[in-house]
Trainee: 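Structure below; questions to follow.
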There are 2 protein chains.
Amino acid sequence: MANKSCIIRLSMYRNALIRLKTLNFVKVFSDNLADVARVTSVQVRKDFSLFGISGNRRGGYLIDELISQISAILGKDKVQKFIVIGIGNIGKALLNYPSFKKNEIELVAGFDIDMNKHNRDVEVPILPLEELGKFVAENEIKFGVISVPDFAAQEVLELMFRAGIKGVLNFAPICLKEPPDCVVRNINLETELENIIYFTNFAEQAGASR
Amino acid sequence: MANKSCIIRLSMYRNALIRLKTLNFVKVFSDNLADVARVTSVQVRKDFSLFGISGNRRGGYLIDELISQISAILGKDKVQKFIVIGIGNIGKALLNYPSFKKNEIELVAGFDIDMNKHNRDVEVPILPLEELGKFVAENEIKFGVISVPDFAAQEVLELMFRAGIKGVLNFAPICLKEPPDCVVRNINLETELENIIYFTNFAEQAGASR
DNA sequence: AAACTGTTGTGAAAAATATCACATAAATCA
DNA sequence: TGATTTATGTGATATTTTTCACAACAGTTT
């Protein structure tokens with residue numbers, strides 16, 4: 001079965017393909033994708049073979065065909081709606097983030113407990129948290145982002161789960177316990193920076209001792 | 001050698017430990033950390049053993065000691081300064097992100113090409129991109145975040161590299177080519193969402209066919 | 001039409017990562 | 001003080017992921 005990094009790579013291939021298409025590429029080779037996505041060409045082909053995507057021996061892949069095949073796998077054949085809970089720094093950034101729409105991802109509403117943040121008269125309304133359940137049911141929302149402070153995150157996740165949300169991206173710096181049949185992915189900005197700090201320092205030490 | 005996920009786990013253990021310390025824990029067991037960081041206890045101990053961290057047979061680990069050992073590994077024994085390039089949605093969110101300081105990570109300046117965004121009269125100034133090299137040299141900055149549009153990202157990375165920056169967190173939705181001796185880590189918001197979408201749909205299908 | 005070239009596709013091998021099983025040590029109890 | 005309990009620490013094993021090596025094939029050249 002496909003694993004997490006494999007799907008991440010598919011997304012990257014798709015991005016690369018879209019970019020290459022704007023350059024008027026008609027067919028691409030696994031080597032092209034490997035270069036752009038910074039992996040090996042075998043990795044590209046192995047990933048494709050896992051999903052039954054095949055090209056033409058010696059002829060590479062037809063770019064349009066490939067894009068639509070990958071898009072289908074990633075659920076990009078239809079617009080995927082999602083909501084954001086917690087309109088702080090990150091929540092606000094997501095509300096204004098331009099490239100979701102280009103990628104068939106649509107942020108349809110934000111939620112917050114702070115009534116000063118509520119606002120219904122805009123394209124993407126900010127609603128009180130109490131309306132979450134109703135909104136999710138009426139609009140058939142499956143995906144959501146958590147951008148509340150750490151202490152509130154687990155509670156918000158359970159709220160989302162009860163509302164019927166099935167997939168969650170969590171920015172709160174805490175490792176959430178995923179409810180059954182609910183996919184949760186954590187992005188922790190400090191952790192990411194700490195990772196970079198470690199490997200940078202490590203590389204320096206290794207370099208110095210070389 | 002330690003790998004990327006191992007360091008991410010160390011960060012998570014540290015977060016967990018700090019949380020447990022506020023609850024007045026004095027010692028912790030690998031099982032406690034496993035629960036909070038959502039891994040197995042063997043994994044915790046294996047990770048520790050990789051860095052020569054040892055506890056007391058039967059007695060677990062002294063929390064203060066453990067925090068300082070992990071902190072030292074992650075470079076948290078001193079404040080790590082970093083800058084942000086591109087003061088758009090994400091850049092702004094980072095400027096106001098509260099929990100960096102708690103974690104010995106200090107955002108010291110932002111940079112942008114748009115002169116309307118420049119502002120020197122605040123704690124974290126926003127400076128013109130031309131001043132990057134000078135600022136980085138004078139303030140001995142080693143780390144930076146890229147939050148510019150995709151088409152500008154590679155160029156900005158090379159600019160940062162020439163200025164002397166060694167570790168970069170990239171939010172631009174493009175896979176950057178890392179210069180030699182420079183650590184680059186990509187966070188792509190769309191890709192993360194696509195990942196969630198895929199696995200949510202997949203779980204649904206698997207559930208339905210069960 | 002035969003030889004050649006360059007790319008895909010994949011079984012097998014290797015490398016990386018995580019888990020298991022259990023020896024070892026420290027504390028407690030009888 | 002010997003037996004028992006409960007964690008740690010780690011070699012061995014299993015699993016996952018990536019890379020290697022090369023057969024298969026479709027064009028292209030001679």
Side-chain angles (χ1 to χ4, degrees), chain A residues 1-13 16-17 20 25-67 69-70 73 175 186 191 195 198-199 202 206, chain B residues 1-13 16-17 20 25-67 69-70 73 175 185 191 195 198-199 202 206:
Chain A
M1 193 206 112
N3 60 37
K4 206 148 66 178
S5 17
C6 175
I7 301 300
I8 289 182
R9 284 195 300 268
L10 279 191
S11 289
M12 298 199 304
Y13 302 151
L17 286 166
L20 293 174
F25 272 52
V26 173
K27 60 185 186 180
V28 286
F29 302 119
S30 55
D31 260 314
N32 299 143
L33 286 175
D35 289 344
V36 183
R38 318 223 46 88
V39 295
T40 66
S41 62
V42 186
Q43 179 80 269
V44 174
R45 295 198 300 274
K46 265 271 150 99
D47 287 338
F48 287 176
S49 107
L50 197 58
F51 291 98
I53 295 175
S54 61
N56 315 296
R57 305 228 174 198
R58 186 146 190 212
Y61 305 81
L62 291 174
I63 197 164
D64 286 321
E65 221 173 90
L66 195 48
I67 290 176
Q69 285 180 98
I70 297 180
I73 294 164
C175 219
N186 299 290
T191 301
N195 213 298
Y198 175 83
F199 284 106
F202 187 86
Chain B
M1 194 205 110
N3 60 37
K4 205 145 70 177
S5 17
C6 174
I7 301 299
I8 288 182
R9 285 194 302 269
L10 278 192
S11 289
M12 297 199 303
Y13 302 151
L17 287 166
L20 294 175
F25 273 52
V26 173
K27 58 185 187 180
V28 285
F29 302 118
S30 57
D31 260 313
N32 299 143
L33 287 174
D35 289 345
V36 182
R38 318 219 53 83
V39 295
T40 66
S41 62
V42 186
Q43 180 83 80
V44 174
R45 296 198 298 276
K46 265 272 152 97
D47 287 339
F48 287 176
S49 106
L50 197 58
F51 291 99
I53 294 176
S54 62
N56 314 296
R57 304 228 172 199
R58 182 138 196 221
Y61 304 81
L62 290 174
I63 198 165
D64 285 321
E65 221 172 272
L66 196 48
I67 290 176
Q69 286 181 97
I70 297 180
I73 292 164
C175 222
R185 218 175 135 74
T191 301
N195 212 299
Y198 175 83
F199 283 106
F202 188 87

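Within every chain, numbering begins at 1; the chains are lettered A, B, ... in the order of the sequence lines, protein sequences first and strands thereafter. Computed from heavy atoms alone, side chains included, the values below leave out hydrogens, waters and symmetry copies.
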Trainee: Which atom names give the shortest non-hydrogen contact between A:Met12 and B:Cys175, and what distance separates them?
Mentor: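 Heavy-atom minimum between the residues: SD-SG, 3.9 Å.
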Trainee: Without decimals, in angstroms, what is the distance between B:Lys46 NZ and D:dG11 C1'?
Mentor: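 Atom NZ in B:Lys46 sits about 7 Å away from atom C1' in D:dG11.
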Trainee: Whole angstrom is fine here: how far is it from CZ in A:Arg45 over to P in D:dT18?
Mentor: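 Rounding to the nearest Å, CZ of A:Arg45 and P of D:dT18 are 15 Å apart.
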Trainee: Heavy atoms only, 4.0 Å cut-off, all strands: where does B:Tyr61 land among base, sugar-phosphate and nothing?
Mentor: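 Sugar-phosphate, backbone atoms only, no base.
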Trainee: Would you say the side chain of A:Arg45 lies within less than 4.5 Å of the side chain of A:Tyr61, judging by non-hydrogen atoms?
Mentor: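 In short, these two side chains touch, coming nearer than 4.5 Å.
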Trainee: Calculate the interatomic distance between B:Leu50 atom CG and C:dA16 atom P; express it in whole Å.
Mentor: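 It is 14 Å, rounded to the nearest whole Å.
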Trainee: Measure CD1/A:Ile7 against C1'/D:dT17 and give the value in whole Å, please.
Mentor: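 For the pair A:Ile7 CD1 and D:dT17 C1', the rounded distance is 14 Å.
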Trainee: Return the CG to CZ distance between B:Leu66 and B:Phe25, rounded to the nearest 0.5 Å.
Mentor: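 B:Leu66 atom CG to B:Phe25 atom CZ measures 13.0 Å (nearest 0.5 Å).
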Trainee: Taking CD1 from A:Ile8 and P from D:dT18, how many angstroms apart are they, rounded to a whole number?
Mentor: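 Whole-Å distance recorded here is 11 Å.
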Trainee: Atom CG of A:Asp31 to atom C1' of C:dT8: distance rounded to whole Å?
Mentor: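 Taking atom C1' of C:dT8 as the reference, CG of A:Asp31 is at 11 Å.
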Trainee: Would you say the side-chain atoms of A:Asp35 pair up with the backbone N or O of A:Asn32, donor to acceptor, closer than 3.5 Å?
Mentor: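 Between the backbone of A:Asn32 and the side chain of A:Asp35 there is no qualifying donor-acceptor contact (under 3.5 Å).
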Trainee: If you find the nucleotide of DNA chain D closest to B:Ser41 and the one closest to A:Gln43, which residue's nucleotide is nearer the 5' end?
Mentor: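 Comparing both residues, the 5'-ward one is B:Ser41.
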Trainee: Here's a test of your reading of the structure: between B:Phe29 and A:Lys4, which maps to the more 5' nucleotide of DNA chain D?
Mentor: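 Of the two residues, B:Phe29 wins.
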Trainee: Expressed in angstrom and rounded to an integer, what is the separation of B:Asn56 atom CG from C:dA25 atom P?
Mentor: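 In whole Å, C:dA25 P lies 14 Å from B:Asn56 CG.
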Trainee: D:dG9 phosphate, OP1 or OP2: any side-chain N/O from B:Ser49 under 4.0 angstrom?
Mentor: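 The answer is no; no side-chain N or O of B:Ser49 sits under 4.0 Å from OP1 or OP2.
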Trainee: What is the separation between atom CZ on B:Arg57 and atom C1' on C:dT24, rounded to the nearest whole Å?
Mentor: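 Result: 5 Å.
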Trainee: Has B:Thr40 got a side-chain N or O lying under 4.0 Å from the OP1 or OP2 atom of C:dT19?
Mentor: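 Answer yes for this pair, as a side-chain N or O of B:Thr40 is under 4.0 Å from OP1 or OP2.
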Trainee: Looking at the side chain of A:Arg58, which of D:dT17, D:dA26, C:dT8 is the nearest nucleotide?
Mentor: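 From the listed options, D:dA26 comes nearest.
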Trainee: Is B:Gly59 touching bases, backbone alone, or none of the nucleic acid, heavy atoms closer than 4.0 Å?
Mentor: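 B:Gly59: no heavy atom of the nucleic acid under 4.0 Å.
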Trainee: Do side-chain atoms of B:Asp47 reach the backbone of B:Val44 as a donor and acceptor pair under 3.5 angstrom?
Mentor: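 The answer is no, because no donor-acceptor pair under 3.5 Å joins these two groups.
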